[in-house]
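A quick note: this is a predicted structure, and the numbers were derived from the prediction, not measured.
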Amino acid sequence: MNIIPNLPNSEYHSKKDYISSSFVKAVAKHSIQRASQKFDATPALIFGDAMHTYFEDRQKFHQRFVVFKDAEVIAEILEKRPDIMAPTMTKEYKSYKNDFECSLAEDQVSISEHDMERIQIMYNSAINNIGLKQVYEEHNHNDVWDEYSFLSDEPDMFGLLYRVRPDRLLVRDEEPVAILDWKSCKDASIKAFRSDFFRYRYDLQAAFYCDVLGVPVDQFYFVAIEKEFPYNTAVYSLSEDTQFNAMQELNIIKDRISKWKQNPTTETSGLENANEITYL
Amino acid sequence: MSAEKNVLRELADRYNLTGKDFFKHPSQGFIIITRTGVEKIMAHDKITVTYEVVPELTENQENCCIKAIAEKVDANGEVYTVESFGSANHYNCSIKTTKNGRTLPHYPVETAEKRAKARAVLQITGFYSEGIFSEDESDDFKRS
């Protein structure tokens, strides 16, 4: 296994020969065709990226994300034109914002003051969570690795190579003992997170990471943090049945990807049930 | 590829096992063969299995022990047999309940039979010696 501590984001994501957790999840949700599609950054993705970076490396966060402070310009606009309802829709505001965005370096992204504030509250909510403290206490570790990249150095029995980049690893003597994954969500309650968990196939993500890193699946933890008031945090792991089901499905998906790699046709890259009648 | 993966690859190729037929144990890491995998192995090697109830270890509908005798003929016509046991009782079967708490019936004879069969088949084909187990034993693994 190749372990790279500071692999840039773009370089990590450019390693298309290596199967990632996102690819596996997309195949499970739909097909290899959809998993292979490129997607553009959405505001939610940018927020998630900013949050992860803030949690893991404050210096890197301030290098990459610049807070767009607009309170003053809004106050100025309102002073001049007190009758308007939406100062952010004015030409003056848009021109100010445009000037700000043009001043950013190529690898910099702007985030709003409100988002910055939310991220700080989320961070405090997470670090003060008792469940998370319990994870740290239960797993005897002498190091913490944030955003380390792992690339398999030889194909597995399916002929596939893998890459993972866990948000945080608790490490003892260079061996990972627990995996933490930050999840920003609207609602961290059991009912809502369970729905997100199976909808976005977090079960497969956990199985995949643990499989690649050789960590037992019950040592994978999702830290669900609400991105809006009241900014609660809850920690989740996988039940035994979910672990077994996820490992079983992971193998089926690896087999599917392997068959497509050997014979990349529409038949191997399409829906799993494309060539048969499915009874619901 | 590691020696362990090589062995698995060879066995998977020999028996035409696909991703549906095996998976890795989530916490202990060994390989588990699913029921479809055991059936494929049996069909490929033309293994026949006969069963005997072990009366001393069988009691009413609660506790059952079955002996499975797997037989396989190799390319030279030599006959190999392996005996293995499977048991099912409230100690080694999870008690399943409905949402309103009603206990669902359990089938000790059928459960013991499939456990005995899977063990005998994996033993006679050498999977056991490679540290590969069957799905039908996974209730035991879950509790270990």
Q. Taking non-hydrogen atoms and a cut-off under 4.5 angstrom, which of residues 254-262 of chain A neighbour chain B?
A.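 Within residues 254-262 of chain A, the residues that come under 4.5 Å of chain B (heavy atoms only) are A/Asp255, A/Lys259.
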
Enter the distance from [X]:[atom1] to [Y]:[atom2] here, rounded to the nearest 0.5 Å.
X	Y	atom1	atom2	answer
B/Arg9	A/Phe158	CZ	CZ	7.0 Å
A/Asn251	B/Thr18	CG	OG1	9.0 Å
B/Lys24	A/Gln243	NZ	CD	13.5 Å

Q) Which residue pairs pass the side chain to side chain donor-acceptor pair (under 3.5 Å) test with at least one member in residues 189-200 of chain A, sequence neighbours excluded? A)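 Qualifying pairs, neighbours excluded: A/Asp187-A/Ser189.
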
Q. Tell me, side chain or backbone of A/Asp153 under 4.5 Å from chain B's heavy atoms, or both, or neither?
A.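 The answer is neither part of A/Asp153.
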
Can you tell me if [X] has over 12 outside heavy atoms packed within less than 6.0 Å of its [atom1]?
X	atom1	value
A/Lys133	NZ	yes
A/Ile190	CD1	no
A/Glu138	CD	yes

Q) Which of the residues B/Gly19, B/Ser27, B/Ala12 is involved in the greatest number of heavy-atom pairs with chain A at under 4.5 angstrom? A)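 Among the listed options, the one with the most contacts to chain A is B/Gly19.
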
Q | Note, A/Gln248 side chain near B/Phe22 side chain (heavy atom, < 4.5 Å) | A |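 Sidechains of B/Phe22 and A/Gln248: no contact.
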
**Q.** All side chain to side chain donor-acceptor pair (under 3.5 Å) counterparts of A/Thr265, not counting sequence neighbours
**A.**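 Side chain to side chain donor-acceptor pair (under 3.5 Å) list for A/Thr265, sorted by chain: A/Thr268.
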
Q: Just give me the residue among A/Pro216, A/Gly214, A/Cys210 that pairs up with chain B most often, heavy atom to heavy atom, under 4.5 Å.
A: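 That would be A/Pro216.
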
Q. Tell me, which pairs form a ring-ring contact (aromatic ring centres under 6.0 Å, His included) where one or both residues lie in residues 98-130 of chain B, sequence neighbours left out?
A.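 Passing the test, one end in residues 98-130 of chain B: B/Tyr15-B/Phe127, B/His90-B/His106, B/Tyr128-B/Phe133.
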
